[in-house]
Amino acid sequence: SPEVIGLMAPLSGPRASIGHSVFRGAQLAISDYEKSGGTIPFRLIVKDTESRDETLEAQFVSLVETDRVLAVIGPIRSGNTESLVPLCSRHTIPLITPGCPNNNIVSQSEWAFRLFPDPEKEVDCLISFCSRDLGITRYGCLYPEINYGQQAIVGLNNAVWEEMGDLVYTRSYPVNLNTLRSILHDVSGKSVEVIIIPDNAERASVVAGQIRYSELLTPTITGIGAWDDPKLLEVAGNNLEGSFFITGYPMAHGPRAEIIQRYIARFGETPDLFSLRTYEATKLLLTAVESGVSYRSQLLHYLS
């Protein structure tokens, strides 16, 4: 049914707060549609990806075959999303993930889509700006030991080489940050002008704080789209004073800023990136149906 949308999110377990924010993002999109005069009675069917009652694959098949949803939004975890990509091809249904950093999923199936910043492209734009506008030549990078960080460092190597700069320092760190202090000792004496932290706002703020207070170096600290979080200033404090980041879709003004205000007014809290991307994915599907999309094959053509 074109009026029924599936959503897969962790509504229980350690990631429940993210899952509920994702759910609220989808709810807000449907509410905004109704308030704007939309007349199609859209329905959202949600599956808890942390539930032990059935497997992730069984949940997906249930949405497709029993609930007959037009498309599935989610999951937010990369591993979960990657396990469902073969199923979206087999069942010929669009799968839109708001949280998977692995760009390879979109090449594995024409039915797989993602609303997630491409770290390689963002790093390329960042290095171009630093080199051509700021005259920077010596770069360093501290990146998380996850797929997003790996993609960023690949893009960084290519971008620095193209600008004829020097990548003089790169180190990875675990996402729990437990060895961060010892890692920073390696950068002393590297003469780094800019150090890039391609990580989310919360961890980037911690890493930046360690850099600032280590007294080993004081380079300009920069980032990419994962920094663009409504809670950045709240979690960063003074750690990112004088820093900057590059993003393709800023939250400080424009459509996202308006969505953030409506989200806060309705739910009493600031949305995270996952909820905002889920809002956009839901709105995309609503707009598609409004334009005349009734079947999954039509939606595939619309999204492509």
Side-chain angles (χ1 to χ4, degrees), residues 1-12 15-51 59-60 62-77 80-81 84 88 91 93-100 111-116 229-230 249 251 254-303:
S1 170
E3 297 88 6
V4 184
I5 298 169
L7 176 67
M8 302 184 72
L11 301 180
S12 60
R15 298 176 182 83
S17 61
I18 298 176
H20 284 281
S21 71
V22 163
F23 183 28
R24 289 191 285 267
Q27 287 179 306
L28 183 63
I30 295 176
S31 175
D32 283 353
Y33 165 78
E34 293 170 347
K35 290 179 180 178
S36 67
T39 58
I40 299 174
F42 285 100
R43 188 159 58 100
L44 192 66
I45 298 179
V46 187
K47 295 287 186 180
D48 180 6
T49 56
E50 297 296 315
S51 172
Q59 290 180 342
F60 183 84
S62 176
L63 287 172
V64 176
E65 296 184 349
T66 304
D67 301 309
R68 311 220 24 107
V69 300
L70 177 67
V72 175
I73 300 174
I76 60 170
R77 295 178 63 186
N80 289 350
T81 302
L84 295 180
C88 73
H91 292 275
I93 180 171
L95 175 69
I96 307 174
T97 173
C100 180
W111 296 90
F113 299 87
R114 69 183 191 125
L115 290 175
F116 200 89
D229 189 307
Y249 192 174
M251 294 187 185
R256 270 193 171 172
E258 297 170 4
I259 296 168
I260 290 170
Q261 293 306 313
R262 291 199 299 275
Y263 188 102
I264 293 173
R266 177 167 178 178
F267 301 113
E269 63 182 49
T270 303
D272 57 24
L273 284 170
F274 296 109
S275 57
L276 291 173
R277 294 188 197 119
T278 303
Y279 176 98
E280 291 158 4
T282 306
K283 186 174 181 180
L284 182 62
L285 296 177
L286 305 185
T287 304
V289 176
E290 275 280 4
S291 70
V293 168
S294 299
Y295 303 100
R296 293 167 183 164
S297 57
Q298 291 176 320
L299 179 59
L300 174 66
H301 179 73
Y302 181 93
L303 296 174

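By convention here, the first residue in the shown sequence is residue 1.
Under the 4.5 Å side-chain criterion, counting only non-hydrogen atoms from C-beta, L300 is in contact with W111. Using a 4.5 Å heavy-atom cutoff, the side chains of L11 and E50 are not in contact. Residues Y263 and E269 form a side-chain contact, since some pair of their non-hydrogen atoms from C-beta on lies under 4.5 Å apart. Residues F23 and D48 fail the side-chain proximity criterion, which asks for heavy atoms closer than 4.5 Å.
Minimum heavy-atom separation, L285 to I96: CD2-CD1, 3.9 Å. Counting all heavy atoms, side chain and backbone alike, V289 lies closest to P2 at CG2-O, 3.4 Å. Heavy-atom minimum distance, P75 versus P98: O-CD, 3.7 Å.
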All N/O donor-acceptor pairs, side-chain side in residues 62-72, below 3.5 Å, sequence neighbours left out:
from: S62; atom 1: OG; to: K47; atom 2: NZ; distance (Å): 3.4

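Annotation: side-chain contact (heavy atoms from CB on, under 4.5 Å) contacts of T39 (sequence neighbours excluded): none. The side chain to side chain donor-acceptor pair (under 3.5 Å) search around S1 returns E3, not counting sequence neighbours. Residues passing the side-chain contact (heavy atoms from CB on, under 4.5 Å) test with T270 are P230, K231, I264, sequence neighbours excluded. In this view, D32 and R262 satisfy the salt bridge (charged side-chain N to carboxylate O under 4.0 Å, His left out) rule, not counting sequence neighbours. Qualifying side-chain contact (heavy atoms from CB on, under 4.5 Å) partners for L286, counting only residues two or more places apart in sequence or in other chains: I5, I30, Y33, F42, T282.
Other residues, nucleotides and ligands contribute only 12 or fewer heavy atoms inside 6.0 Å of the CZ atom of R43.
Side-chain contact annotation: T49 with R77, donor-acceptor N/O pair under 3.5 Å absent.
The distance from the CD1 atom of I93 to the CZ atom of R296 is 4.0 Å, given to the nearest 0.5 Å.
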